[in-house]
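What follows is a set of notes on a single structure, which appears directly below.
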Amino acid sequence: MTSKTRIPIQLQINGRQHELEVEPRVTLLDALRDHLGLTGTKKGCDHGQCGACTVHVDGERVLACLTLAVQAEGRAVTSIEGLAQEDGTLHAVQAAFLEQDAFQCGYCTPGQIMSAVACIREGHAGSDDEIREYMAGNLCRCGAYPHIVAAVRQAAAEVAS
Ligand code: FES
Ligand code: FES
């Protein structure tokens, strides 16, 4: 097999099945952005250090830049594009980020939101310290951290109520 060999794979993204041909080394991040046009998931470092590429695979948060597309075959992938409801109603975390002004440039925001959804689901949003600890893998160059913590706190309270 040469480095240019492409293989057919099927990916289930946001509830839809996609068929594509990729080189075996293609990451899930590049498959989403370059092959499927789902550019909401951001490429920051491409080395597992910033969290901008966070998506969910079978409900667990993963770094799409460190996940091969072939590894996601047969699993349910959710990207930021799949978070809102079909009618456009925002997910509680998306709405909280807007209400709390939890972004400046917005580049880290999709990853922050995907991490926050998982953080709340995991039961790791019980206090600001816990939120900071379990959101630590998502960096924000703009330093919007206090607002991000406030948004996660708000969304966690709404989900619990
Ligand atoms: S782009 Fe994946 S962790 Fe930075
Ligand atoms: S809002 Fe700019 S990097 Fe986080």
Side-chain angles (χ1 to χ4, degrees), residues 3 7 9 11-14 18 20 22-84 90-122 124-125 127-159:
S3 62
I7 56 172
I9 62 170
L11 291 179
Q12 188 195 319
I13 315 282
N14 303 327
H18 298 268
L20 56 162
V22 297
E23 292 177 42
R25 62 179 181 164
V26 164
T27 64
L28 178 58
L29 178 58
D30 286 341
L32 289 171
R33 292 181 55 83
D34 301 339
H35 293 260
L36 297 169
L38 294 169
T39 55
T41 306
K42 300 305 181 197
K43 182 182 283 191
C45 64
D46 209 18
H47 285 92
Q49 292 171 353
C50 73
C53 65
T54 304
V55 297
H56 297 173
V57 175
D58 289 343
E60 305 276 326
R61 48 181 156 170
V62 303
L63 298 173
C65 73
L66 293 186
T67 305
L68 294 175
V70 294
Q71 292 176 293
E73 206 172 12
R75 305 174 73 186
V77 179
T78 307
S79 69
I80 189 72
E81 291 90 347
L83 218 49
L90 294 179
H91 187 284
V93 174
Q94 292 174 303
F97 267 67
L98 280 173
E99 286 172 28
Q100 296 291 340
D101 286 327
F103 49 84
Q104 290 180 37
C105 78
Y107 198 81
C108 73
T109 310
Q112 299 279 2
I113 289 174
M114 296 307 289
S115 247
V117 171
C119 179
I120 294 168
R121 193 188 291 143
E122 293 159 8
H124 291 142
S127 67
D128 286 4
D129 280 349
E130 198 177 26
I131 292 169
R132 276 190 284 271
E133 180 180 349
Y134 283 90
M135 293 289 293
N138 289 80
L139 305 184
C140 175
R141 285 173 302 177
C142 301
Y145 296 112
H147 294 259
I148 291 169
V149 172
V152 179
R153 187 196 315 129
Q154 175 184 323
E158 286 170 6
V159 168

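Hydrogens, waters and symmetry mates play no part in the numbers below; they use all other heavy atoms, side chains included. In each ligand, atom 1 is the first atom listed, and ligand 1 is the first ligand listed.
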Would you say the side-chain atoms of [X] pair up with the backbone N or O of [Y], donor to acceptor, closer than 3.5 Å?
{"X": "H56", "Y": "M114", "result": "yes"}
{"X": "N14", "Y": "S79", "result": "yes"}
{"X": "R33", "Y": "G40", "result": "no"}
{"X": "H18", "Y": "L11", "result": "no"}
{"X": "E60", "Y": "V57", "result": "no"}

Checking T54 against R61: is there a side-chain donor and acceptor pair closer than 3.5 Å?
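Judged by distance alone, the side chains do not pair up.
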Between Q49 and H47: side-chain donor-acceptor atoms closer than 3.5 Å
no
Going by the atom numbers of ligand 2, which of them fall below 4.0 Å from some non-hydrogen atom of G106?
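Close to G106: 1 (S), 2 (Fe).
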Under 4.0 Å, heavy-atom basis, I'd like to know which part of C140 is in contact with ligand 2: side chain, backbone, both or neither.
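The part of C140 near ligand 2 is both the backbone and the side chain.
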Taking only residues two or more places apart in sequence or in another chain, which ones pass side-chain hydrogen bond (donor to acceptor under 3.5 Å, both in side chains) with D46?
none
Going by an N to O cut-off under 4.0 Å, is there a salt bridge joining R132 and D129?
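D129 and R132: salt-bridged.
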Sort by chain and number the protein N/O/S atoms that are closer than 2.8 Å to atom 4 (Fe) of ligand 1, and list them.
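Listed by chain and number, the nearby protein N, O or S atoms are C45 SG, C50 SG.
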Protein contact to atom 1 (S) of ligand 2 [nearest heavy atom, distance to 0.1 Å]:
Q104 N, 3.2 Å
Which residue owns the protein heavy atom closest to atom 3 (S) of ligand 2, what's the atom, and how far is it?
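Ranking protein heavy atoms by distance from atom 3 (S) of ligand 2, first comes R141 N, 3.3 Å.
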Looking at atom 2 (Fe) of ligand 2, is there an N, O or S atom belonging to C108 that lies under 2.8 Å away from it?
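Given the 2.8 Å cut-off, C108 does not count as a ligand of atom 2 (Fe) of ligand 2.
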N, O or S atom of C105 closer to atom 2 (Fe) of ligand 2 than 2.8 Å
yes
